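Scroll down for the structure; my scribbles are underneath it.
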Amino acid sequence: RSGEMAKLTQLIDNEVLRAYATYTTIVLLKMMLMSLITAYFRITRKAFVNPEDTASFGKGESAKKYLRTDPDVERVRRGHLNDLENIVPFLGIGLLYALSGPELYTALLHFRIFAGARIAHTFAYLIPLPQPSRGLSWAVGYAVTMSMAYKVLTTALYL
């Protein structure tokens with residue numbers, strides 16, 4: 001089976017596409033981790049939204065007290081939603097950018113800054129760090145995506 005993976009890497013012999021694949025994987029794994037963190041907070045705070053999720057804590061009226069919102073769970077959920085709002089556009093625009101023929105150094109700079117900004121944003125959200133740390137980390141990642149979009153629009157597309 002290792003021969004199959006070697007064939008896949010041969011298909012992606014473009015260094016910029018490999019860099020894109022690397023940093024896309026990093027931010028997607030980070031986003032997936034937010035689901036696990038949400039589950040952890042739901043379980044440890046005993047705050048569920050579905051009645052069937054409370055079954056291990058009792059039945060009927062005794063379980064209803066666990067159908068509630070919790071500020072910590074909601075904070076993690078908002079961080080996860082922010083990931084969805086920012087990482088999904090990065091995936092599409094980043095791919096188009098990688099295909100537009102940027103220099104490897106410039107592409108790596110974009111991808112690394114975006115990944116770092118999203119990781120910083122998560123820490124700023126979960127700890128929570130005082131503003132403007134969360135706002136700045138969001139803005140940096142957003143600016144990177146806009147920079148890539150500008151490059152795609154000005155060099156690769158017909159307007």
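As the structure is a prediction and not an experimental result, all values here were calculated from the model. The analysis underlying the following values was restricted to heavy atoms, covering all of them including side chains, and did not include hydrogens, waters or symmetry mates.
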[Y] reachable from [X] in the ILVMFWY side-chain graph, under 4.5 Å edges:
X    : Y    : value
L126 : F41  : yes
W138 : L136 : no
Y142 : F123 : no
M146 : V140 : no
I87  : M32  : no

Minimal non-hydrogen separation, [X] against [Y], with atom names:
X    : Y   : answer
L108 : A19 : CD2-CB, 3.6 Å
T54  : A63 : OG1-CB, 3.4 Å
A47  : T69 : CB-C, 4.5 Å
M31  : H80 : O-NE2, 3.5 Å
T24  : L91 : CG2-CD2, 3.1 Å
I37  : V76 : CG2-CG1, 3.7 Å

So, does [X] use its side chain to make a donor-acceptor pair with the main chain of [Y] at under 3.5 Å?
X    : Y    : result
D70  : V73  : yes
Q131 : R134 : yes
T155 : K151 : yes
R77  : T38  : no
S137 : S133 : yes
T122 : R118 : yes
N86  : N82  : yes

May I ask you to test the [X]-[Y] pair for a side-chain heavy-atom distance under 4.5 Å?
X   : Y    : answer
Y97 : T106 : yes
M34 : L81  : no
L17 : L95  : yes

Knowing that exactly one of L28, L29, T22 qualifies, which makes a side-chain contact (heavy atoms from CB on, under 4.5 Å) with T25?
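Going through the options one by one, the only one that passes is L29.
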
Greater than 12 external heavy atoms within 6.0 Å of E103's CD
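For E103, atom CD is not crowded (no more than 12 foreign heavy atoms under 6.0 Å).
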
So for atom CZ, which belongs to R45, do other residues, nucleotides or ligands contribute more than 12 heavy atoms lying within a distance under 6.0 Å?
yes

Determine, step by step, whether I26 and Y23 satisfy the side-chain contact (heavy atoms from CB on, under 4.5 Å) criterion, reporting the C-alpha distance in whole Å, the side-chain angles of both residues, the deciding distance to 0.1 Å, and the verdict.
CA-CA 5 Å; I26 290 168; Y23 287 95; 3.9 Å; yes

Nearest 0.5 Å please: distance from the [atom1] atom of [X] over to the [atom2] atom of [Y].
X    : Y    : atom1 : atom2 : value
M148 : L153 : CE    : CG    : 12.0 Å
R18  : L104 : CZ    : CG    : 9.0 Å
Y125 : R75  : OH    : CZ    : 6.5 Å
L109 : Y105 : CG    : OH    : 5.0 Å

Show the numbers, then the answer: is there a side-chain contact (heavy atoms from CB on, under 4.5 Å) between L67 and V49?
CA-CA 5 Å; L67 293 174; V49 293; 5.9 Å; no

Just checking H110 against F114, ring centres under 6.0 Å apart?
no

Is it the case that the ring center of Y66 lies less than 6.0 angstrom away from the ring center of F48?
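No.
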
In terms of the angle between their ring planes, are Y20 and F90 parallel, tilted or perpendicular, with boundaries placed at 30° and 60°?
tilted

